[in-house]
Enquirer: 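Quick one: the structure is below, questions incoming.
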There are 2 protein chains.
Amino acid sequence: MAMKALSRATIYQVAQAAGVSIATVSRALRGSELVTEQTRERVLAAARELQFTPSRLGRSLAEGRHAANGIVFPDLVGPYYAEVVLGYEAAAAGFGSSVLILTTGGRADAEAAVRDMASRVDGLTVMGKTVSDEVIGKLAATGLPMVLLARDPVRGVDTVRAENRRTAEALVAHLLAHGHERFVFLGDPDGSPDVRGRWAGVRAGLARAGAAPAHLVRITGLDIEAGRAAAGELGDRAQAVICANDELALGVLLERPRQTVTGWDDLMAAQFAGLTTVRQPMRELGATAARWLNRRITESNDSAAARRRILPTRLVVRTSCGTHCPEVHR
Amino acid sequence: MAMKALSRATIYQVAQAAGVSIATVSRALRGSELVTEQTRERVLAAARELQFTPSRLGRSLAEGRHAANGIVFPDLVGPYYAEVVLGYEAAAAGFGSSVLILTTGGRADAEAAVRDMASRVDGLTVMGKTVSDEVIGKLAATGLPMVLLARDPVRGVDTVRAENRRTAEALVAHLLAHGHERFVFLGDPDGSPDVRGRWAGVRAGLARAGAAPAHLVRITGLDIEAGRAAAGELGDRAQAVICANDELALGVLLERPRQTVTGWDDLMAAQFAGLTTVRQPMRELGATAARWLNRRITESNDSAAARRRILPTRLVVRTSCGTHCPEVHR
DNA sequence: TTGAAAGCGTTACCAC
DNA sequence: GTGGTAACGCTTTCAA
């Protein structure tokens, strides 16, 4: 099966052009001390002449490492993931690692795709609702360094998450202070650990205050359209609609501009919609995952106990939670 | 340099376990006809037992292809790039290609990073202001399939872009119909081909109408903060501020909520800020680039002439362009 | 300081 | 049908 050459020149051609062996070329190019300055120059000249770039494949095969790592998303829709991947890529680049991305969203066989990616990288970051605990466990068992992001922990694997429960409680407390008495939670707690945590926090906050429990309106999507569609089902009894994320809240707001509603994530749009929400440190989530993964990949003692971190989130009060907020931020 | 094994078992171990040669293992695993059903089963059993996954490195080296392609961004900040990469990844996954991403943003040596990526993929999509025409030309000269995205064409290389000039002219016409007479363009036409096209369209639109030329306020950033900072420099003479992108416009709006201002991109936030803007088909841009790249990679006749496509954009009128718009969309 | 040669893990050609 | 073996392009020991 003849294919296009992966790269133009090989190390052999450079060696021939410079009149040395491939070993010397390799050394010269990698800045080894074991080469005469004279020889090095000859090699570099030849390499430049031939526009030689070492084949990553050959290199990786010989070195036993890819110098790349991957991140698996459930989806890339909306600004949330973009911010995460931005932080991730920046951090990974910091220690010279290429980044592969994979979304499992529409994929028929997500597991196969993840396994394929696993064979292309030195380590893997897995986010949210993408593959089962079982798959994670199997991959981890092969010795592949991994980090879980915004996902429930799996035994023996590092996990980075954002705080959900406590801030949800703070949000509820704020709404109660507004005088709201009836609450609706919009989202699917079974859809992701994050949503589950938020829902749990909402219930806890209400219970603690002795208020009536929130009504759960379970919807599957997490985008603006889902929010718009759900707006119709809210009825009028709902005084305050706590949404699982900003996009749902924005969707509700499009249909009911005066509805008391809150979101989660603090997307750029939230600022302009006056949406009260919870800010997540999205870039920091990505960057932390990348750093942790790198540590796992490079550290000698790979039997270190699984680490967990929960990054703080923060209530951002705007106007959608009700009028006369004492402290309205921008 | 001993490193962790890239994958657990090799084809040799499977061969030994199954009592056959590695050639047979390879054939059995790849579904070749040239294997007895009986043999195949034995091999599959052994492979399952050993949790064997073929090394991508060995495979790629032998096949002469990576089954991966890369996309280079100037940056990943803001929703624009996220949408592009989403469309790109989805399309690439469609034909079984992994996706590598690289941002040249803060990179000291962007060229080296791009070259490194070039050695990891079968083809490269290069977006906007990332690397010079010279580098593009050199890479293309090595025979690496490439597609340029939202970037000025380079001889012999496919290019996919969004329409800028004509829609800019339509935007100007709309503003003129509002009665605006003095215009400011906010952005750096030398910063990207897109901005240059928009600026050109604005000038053309005004010239055609016999209106006074727009005043160019040249600023480097393209984010909200840059817009806020620039708002102060606008003075009061500006009647209509045409911004190079939505984020700048949103920044201006934060400082001057009543300012007549327009953007570009139609970010989610634009909808909630009432921002009149131009919608770009971002996912489609990404998807088209991925499809074109795939074609270049797979097609036999690699000497086909360079293709170019300009995807249409569309004026989205909201309220920031002035009151009493006859047709306000949402 | 340099070179020969042994891997690294596949695929695919050529015999049998 | 199956096995041996030559690539693929590099890094790195081991000799010289």
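Predicted model, so just to flag it, every value in this text is computed and none were measured. Throughout, protein chains are lettered first and strands after them, A, B, ... in sequence-line order, and every chain is numbered starting at 1. Any value given below was found using the heavy atoms of this structure, including those in side chains, with hydrogens, waters and symmetry copies removed.
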Enquirer: Does C:dG9 have OP1 or OP2 under 4.0 Å away from a side-chain N or O of B:Ser55?
Expert: no
Enquirer: Between atom CD1 in B:Ile22 and atom P in D:dT5, what is the gap in whole Å?
Expert: 11 Å
Enquirer: If the cut-off is 4.0 Å, is A:Thr24 near the phosphate of C:dG3, judged by side-chain N/O to OP1 or OP2?
Expert: yes
Enquirer: Starting from C1' on C:dA6, measure out to CD on A:Glu63 and report it in whole angstrom.
Expert: 17 Å
Enquirer: Quickly work out the B:Arg59 CZ to D:dC8 P distance and round it to whole Å.
Expert: 19 Å
Enquirer: Given atom OH of B:Tyr12 and atom P of D:dG4, what is their separation to the nearest angstrom?
Expert: 11 Å
Enquirer: Side chains of B:Ile101 and B:Val85: closer than 4.5 Å at any heavy-atom pair?
Expert: yes
Enquirer: Contact list please: residues 25-50 of chain B against DNA chain C, heavy atoms, distance less than 4.0 Å, in numerical order.
Expert: B:Ser26, B:Arg27, B:Arg30
Enquirer: Specify the closest pair of heavy atoms between B:Glu89 and A:Thr103, including all atoms of both residues, with the distance to one decimal.
Expert: OE1-OG1, 2.7 Å
Enquirer: Taking all non-hydrogen atoms of both residues into account, name the closest pair between B:Tyr80 and B:Gln280 and its distance.
Expert: CE1-NE2, 3.4 Å
Enquirer: So A:Lys129 and A:Asp194, salt bridge (charged side-chain N to carboxylate O under 4.0 Å, His left out) or not? Walk me through it.
Expert: CA-CA 10 Å; A:Lys129 205 86 174 181; A:Asp194 275 336; over 6 Å; no
Enquirer: Measure from CZ on A:Arg56 to C1' on C:dC8 and round the result to the nearest Å.
Expert: 15 Å
Enquirer: How far does the helix from C:dT1-D:dA16 to C:dC16-D:dG1 bend, going by the axes of its first and last five pairs, to the nearest 10°?
Expert: 40°
Enquirer: What residues form a side chain to side chain donor-acceptor pair (under 3.5 Å) with A:Arg40, not counting sequence neighbours?
Expert: none
Enquirer: Atom CZ of A:Arg120 to atom P of C:dG9: distance rounded to whole Å?
Expert: 17 Å
Enquirer: Can you tell me which nucleotide in D:dG4, C:dC8, C:dA5 comes closest to the side chain of A:Ala23?
Expert: C:dA5
Enquirer: Need to verify one output field. Residue with the more 5' nearest nucleotide on DNA chain D, A:Gly58 or B:Ser21?
Expert: B:Ser21
Enquirer: Starting at CG of A:Leu61 and ending at P of C:dG7, how long is that distance when rounded to a whole Å?
Expert: 14 Å
Enquirer: Among A:Val147, A:Thr159, A:Val157, A:Asp158, find the one that has a side chain to side chain contact (heavy atoms under 4.5 Å, CB included) with A:Arg307.
Expert: A:Asp158
Enquirer: Donor-acceptor pair, distance only, cut-off 3.5 Å: does the side chain of B:Thr36 make one with the backbone of B:Gln38?
Expert: no
Enquirer: Can you tell me how far P of C:dA6 sits from CD1 of A:Ile11, to the nearest Å?
Expert: 17 Å
Enquirer: Could you verify whether a donor N or O on one side chain and an acceptor N or O on the other, from B:Ser98 and A:Arg120, lie under 3.5 Å apart?
Expert: yes
Enquirer: Evaluate salt bridge (charged side-chain N to carboxylate O under 4.0 Å, His left out) for A:Arg48 paired with A:Glu41, printing each intermediate quantity in order.
Expert: CA-CA 10 Å; A:Arg48 207 177 312 116; A:Glu41 276 177 22; over 6 Å; no
